[in-house]
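Each remark here refers to the structure printed beneath this line.
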Amino acid sequence: MVEASDGGRQVCFVDMPFGKKTDQGTGVEIDFDDVYERAIKPAIEDAGLEPVRGDQESTGGVIHTAMFARLLLSEFVIADLTTANPNVFYELGVRHSAKPYTTIPIFGTVSGLPFDVSLVRAIPYRLVAGVLSDEAAAKLRSDLVTRIKNALQGPVTEDSPLFQLFEEFPGIEMSHEVTDVFRDRVAYSERFRRQLHQARAEGIDTLRAVQGELGDLATVERGVLVDLYLSYRGAEAWTDMIDLAGTMPASVRDTVVVQQQLAFALNRRKNPGDVDEAIDILQRLQRNHGDSAETLGLLGRIYKDRFTEAREAGNDLEAEGWLEMAIDAYTRGFEAEPADFYPGINAINLLIQKGTDEAVADADRFAPLVAFAAVRRGGADSNDYWTLATVLELAIINRDDRLVARALPKVLTTADEPWMLETTANNLRMVLDVRAGNEDTGTLEKVLAALSRS
């Protein structure tokens with residue numbers, strides 16, 4: 001069993017002076033180690049996070065690489081602004097340039113905050129002659145726990161002036177793998193992924209048991225939650241996936257990738273109201289974050305499903321409407337990111353379904369662009385399922401039996417999940433519907449049989 005305490009908890013980095021320091025404005029000496037040990041550290045632990053404090057104060061020159069890594073990668077940062085320590089203020093600026101939220105300034109009441117940070121939602125703590133009383137320590141501890149838990153539960157509130165001022169401010173995204181500061185977390189993630197792989201092979205109940213071992217999910221590291229989330233997707237455990245999204249901390253739940261996959265799961269589960277909710281999620285992502293291949297590809301998939309359902313029910317006019325919406329979504333997705341062939345191959349497939357001269361001309365126009373995008377990812381020599389599936393679908397569309405024979409075996413062996421093969425088979429069945437009775441479909445039928453057997 002992999003314990004979350006081995007590296008799977010969210011980190012709260014404490015940015016503060018060390019030892020005893022004198023406030024230059026008042027001459028009062030403050031024991032910052034005492035403040036940390038009696039209030040800050042226990043508050044972080046009470047909230048279920050892992051406290052990390054730098055082992056020395058930065059002095060002059062360039063801040064240590066480790067310090068930058070902690071400021072950029074830690075889920076939470078507490079910055080003690082007491083005595084207006086220049087290093088702490090510099091590091092607070094670095095943090096505010098990287099993360100829009102979960103930065104918590106605090107200050108002891110020996111003097112006021114400088115004007116430039118006086119509007120930041122800082123937590124004061126009472127010092128009397130530089131000493132933190134038991135009562136003041138308990139209050140600071142309680143205030144910090146409340147602030148952290150509010151941030152974990154959401155909604156997400158921006159606390160960086162830069163992100164508040166500039167609507168499209170990009171921030172800084174880094175992987176933990178780029179620095180050895182979080183090597184324990186990287187090692188934990190690798191062990192956890194292996195555990196998830198084994199759990200998926202044993203069944204959904206084992207995956208649920210792994211989730212139970214994590215404890216309070218609000219404090220679990222983001223990458224661990226996403227790995228578990230995608231493992232439920234791989235097991236086609238749509239309800240578990242949807243429920244997990246609802247228990248994630250707001251900072252994780254509201255990310256684009258989690259919301260996209262939530263829409264995916266809702267569309268697959270199809271309980272009453274699920275598909276409409278999935279559409280609402282994807283349209284909101286589109287409004288807030290613009291067009292993307294993934295968002296519009298998922299939206300196109302929902303419209304394509306509705307087209308298929310309406311056609312099977314004999315509602316031809318409704319089917320025509322959903323078909324147009326699906327084509328539009330897939331086309332816009334491919335145009336937004338031409339390197340992503342997924343929406344492009346689906347647009348081609350549906351344009352063939354539409355069958356008008358204009359639609360066929362559009363399909364012919366897209367085909368070489370989609371083929372080029374797939375070739376850039378390795379084409380038939382790739383080991384990526386979706387690249388190979390795209391090559392296979394293009395080969396079927398172009399009636400290239402030699403390429404079909406080359407791509408099909410690798411498609412069958414690289415599919416990690418059954419739903420992948422099902423998705424490809426559904427696309428090819430649409431091609432079969434168009435060609436049946438008009439030409440020899442022997443190769444296509446053999447491919448569908450092979451996909452269904454696997």
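Computed from a predicted model, the values in this text were never measured in an experiment.
- Checked by atom type, the side-chain pair S382/R377 shows no donor-acceptor distance below 3.5 Å.
- The nearest pair of heavy atoms linking L72 to A98 is CD2-CB, 3.3 Å.
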Query raised in the report: E417 and R233: salt bridge (charged side-chain N to carboxylate O under 4.0 Å, His left out), yes or no, with the steps?
Result: CA-CA 9 Å; E417 318 296 348; R233 185 189 71 174; over 6 Å; no
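- Within a 6.0 Å radius of CG in N288, more than 12 heavy atoms belonging to other residues, nucleotides or ligands are found.
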Could you pull out every donor-acceptor pair under 3.5 Å between side chains of residues 310-319 and any protein atom, sequence neighbours left out?
from: R311; atom 1: NH1; to: Q353; atom 2: OE1; distance (Å): 2.9
from: R311; atom 1: NH2; to: D433; atom 2: OD2; distance (Å): 3.4
from: E318; atom 1: OE2; to: W322; atom 2: NE1; distance (Å): 3.3

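- Within 6.0 Å of atom NZ in K446, 12 or fewer heavy atoms from other residues, nucleotides or ligands are found, so the atom counts as exposed in its surroundings.
- Looking at K410, its side chain never comes within 3.5 Å of a backbone N or O of A407 through a donor-acceptor pair.
- Within the model, atoms CG of L432 and CG of L444 stand 5.0 Å from one another, a figure rounded to the nearest 0.5 Å.
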Requested in this report: Just do the ring pair (Phe, Tyr, Trp, His ring centres under 6.0 Å) check on F334 and F366 with the steps written out, would you?
Outcome: CA-CA 9 Å; F334 184 63; F366 275 127; 5.7 Å; yes
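- Each of R200, Q195, M241, H197 was evaluated against S231; a single residue qualifies, R200, per the side chain to side chain contact (heavy atoms under 4.5 Å, CB included) test.
- Remark: E320 CD is loosely packed, at most 12 non-hydrogen atoms of other residues, nucleotides or ligands lying under 6.0 Å away.
- At a cut-off of 3.5 Å, with distance as the only test, no side-chain donor of N267 or D274 sits close to an acceptor on the other residue.
- Between W386 and W419, the angle of the ring planes lies from 30° to 60°, which puts this pair in the tilted group.
- When atom types are taken as modelled, the side chain of Q10 and the backbone of V220 share a donor-acceptor pair closer than 3.5 angstrom.
- The minimum heavy-atom distance linking I281 with A263 is given by the pair CG2-CB, 4.2 Å.
- No donor-acceptor pair closer than 3.5 Å links the side chain of S74 to the backbone N or O of L71.
- Each of Q211, R253, R208 was checked for a side chain to side chain contact (heavy atoms under 4.5 Å, CB included) with L244, and the lone residue meeting it is Q211.
- Of the inter-residue distances, the one linking T387 atom OG1 with L392 atom CG reads 12.5 Å to the nearest 0.5 angstrom.
- Screening residues 214-261 for ring pair (Phe, Tyr, Trp, His ring centres under 6.0 Å) gives W238-F264 as the qualifying pairs, with residues at least two apart or on separate chains.
- Counted by atom type alone, T441 and R435 present zero donor-acceptor pairs between their side chains at under 3.5 Å.
- Within the 4.5 Å cutoff, side-chain heavy atoms of I40 are placed close to those of M16.
- To the nearest 0.5 angstrom, R147 atom CZ is 10.5 Å from I106 atom CD1.
- Atom CZ of R429 sits in a crowded spot, with more than 12 heavy atoms from other residues, nucleotides or ligands closer than 6.0 Å.
- R406 has a carboxylate O that lies under 4.0 Å from a charged side-chain N of D381, or vice versa, which qualifies the two as a salt bridge.
- Side chains of T295 and R332: no donor on one and acceptor on the other come within 3.5 Å.
- Side-chain contact annotation: D291 with Q286, donor-acceptor N/O pair under 3.5 Å present.
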